[in-house]
Amino acid sequence: MAKTVYVLNGPNLNLLGTREPKTYGRATLKDVEKLCREAARRHDFEVKFEQSNHEGEIVDSIHAAGAGGAVGIVINAGAYTHTSVAIRDAIAAVDVPVIEVHISNVFARESFRHHSHIAPVAKASLCGFGVDGYALAIDGLAALIGARRKD
Ligand code: CA2
């Protein structure tokens, strides 16, 4: 059976690479998808890559990952990280390891970004590695679940 990792992106991440390059770099979300597919291939994972500006759609995707037996979820919930109890509850409700990713170092930014509703229900969190954090999250997920590398 295919081992699927869901990579979920929250609000405004569709704008990656178009503005705020000092904070988020110049890579687009398409570039991030490519990077995730390359990282996933090394672990023999399939990728479901999604972006939504709508909280309920992200909740639905987390449920779908749970129902579909995904091996993991890598999530950059964007600003919902700091506000969404619904996304936190969805993560807590599924039996799937979740890795939280942020492109920027949220702890070096405004104090409202220092709190994450997701971190307490995630297996691991990383921030500040730029978009490379997504690949690191997939590698970390594979290490956590003991998936064998292909190379
Ligand atoms: O650093 C991250 O990855 C964030 O999750 C990005 C969120 C922010 O609210 C979090 O505090 C940290 C914002 C995503 C917005 O992305 C944009 C990208 C380019 C231009 C404008 C927004």
Side-chain angles (χ1 to χ4, degrees), residues 4-43 45-66 68 70-145 147:
T4 303
V5 56
Y6 277 60
V7 181
L8 304 180
N9 294 280
N12 298 308
L13 286 159
N14 52 309
L15 300 177
L16 263 189
T18 66
R19 53 196 80 159
E20 299 195 49
K22 283 206 179 97
T23 307
Y24 299 116
R26 295 203 178 275
T28 65
L29 198 62
K30 261 275 159 234
D31 297 329
V32 175
E33 178 172 359
K34 187 164 175 265
L35 190 143
C36 288
R37 292 195 185 284
E38 283 163 7
R41 199 173 308 127
R42 295 198 290 273
H43 304 288
F45 293 161
E46 305 277 320
V47 175
K48 266 201 187 290
F49 192 91
E50 297 176 6
Q51 188 276 329
S52 176
N53 294 321
H54 305 279
E55 189 175 21
E57 284 184 5
I58 298 168
V59 169
D60 287 343
S61 294
I62 294 164
H63 293 171
V71 294
I73 299 172
V74 169
I75 185 166
N76 182 350
Y80 284 144
T81 303
H82 318 299
T83 63
S84 179
V85 175
I87 292 175
R88 180 234 177 265
D89 286 350
I91 291 170
V94 296
D95 194 16
V96 179
V98 170
I99 315 293
E100 175 189 21
V101 179
H102 298 288
I103 297 166
S104 63
N105 178 357
V106 287
F107 299 104
R109 300 182 64 192
E110 304 95 323
S111 59
F112 66 83
R113 296 185 203 276
H114 297 180
H115 178 262
S116 167
H117 285 287
I118 293 170
V121 289
K123 272 271 177 212
S125 301
L126 68 161
C127 71
F129 288 101
V131 296
D132 289 340
Y134 284 81
L136 294 171
I138 291 171
D139 287 345
L141 171 71
L144 277 173
I145 66 171

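The figures here come from the full heavy-atom set of this structure, side chains too, leaving out hydrogens, waters and symmetry mates. In listed order, ligands and their atoms are each counted from 1.
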### Task
Go through the steps to decide whether E38 and R42 satisfy the test salt bridge (charged side-chain N to carboxylate O under 4.0 Å, His left out), and finish with yes or no.
CA-CA 7 Å; E38 283 163 7; R42 295 198 290 273; over 6 Å; no

Just distance, no hydrogens or angles: give the donor-acceptor pairs under 3.5 Å from side chains in residues 89-101, sequence neighbours left out.
{"residue": "E100", "atom": "OE1", "partner": "S125", "partner atom": "OG", "Å": "2.6"}
{"residue": "E100", "atom": "OE2", "partner": "H102", "partner atom": "NE2", "Å": "2.9"}
{"residue": "E100", "atom": "OE2", "partner": "S116", "partner atom": "OG", "Å": "2.7"}

Under 3.5 Å, which donor-acceptor pairs link side chains of residues 17-26 to any protein atom two or more places apart or in another chain?
{"residue": "T18", "atom": "OG1", "partner": "L15", "partner atom": "O", "Å": "2.5"}
{"residue": "Y24", "atom": "OH", "partner": "R109", "partner atom": "NH1", "Å": "3.0"}
{"residue": "Y24", "atom": "OH", "partner": "R109", "partner atom": "NH2", "Å": "3.4"}

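The salt bridge (Lys or Arg N to Asp or Glu O under 4.0 Å) test applied to K123 returns no partner, not counting sequence neighbours.
For the pair V47 and T4, the minimum side-chain heavy-atom distance is 4.5 Å or more.
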Between the protein and ligand 1, are there any N or O atom pairs that come within less than 3.5 Å of each other, and if so, what are their names and distances?
{"residue": "ligand 1", "atom": "1 (O)", "partner": "I103", "partner atom": "N", "Å": "3.3"}
{"residue": "ligand 1", "atom": "1 (O)", "partner": "S104", "partner atom": "N", "Å": "2.9"}
{"residue": "ligand 1", "atom": "1 (O)", "partner": "S104", "partner atom": "OG", "Å": "2.6"}
{"residue": "ligand 1", "atom": "3 (O)", "partner": "N76", "partner atom": "ND2", "Å": "2.8"}
{"residue": "ligand 1", "atom": "3 (O)", "partner": "I103", "partner atom": "N", "Å": "2.7"}
{"residue": "ligand 1", "atom": "5 (O)", "partner": "N76", "partner atom": "OD1", "Å": "2.8"}
{"residue": "ligand 1", "atom": "5 (O)", "partner": "H102", "partner atom": "ND1", "Å": "2.9"}
{"residue": "ligand 1", "atom": "9 (O)", "partner": "A79", "partner atom": "N", "Å": "3.4"}
{"residue": "ligand 1", "atom": "9 (O)", "partner": "R113", "partner atom": "NH1", "Å": "3.0"}
{"residue": "ligand 1", "atom": "11 (O)", "partner": "H82", "partner atom": "NE2", "Å": "2.7"}
{"residue": "ligand 1", "atom": "11 (O)", "partner": "R113", "partner atom": "NH1", "Å": "2.9"}

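Checked against D31 for a side chain to side chain contact (heavy atoms under 4.5 Å, CB included), the options L29, L35, T28 give a single hit: T28.
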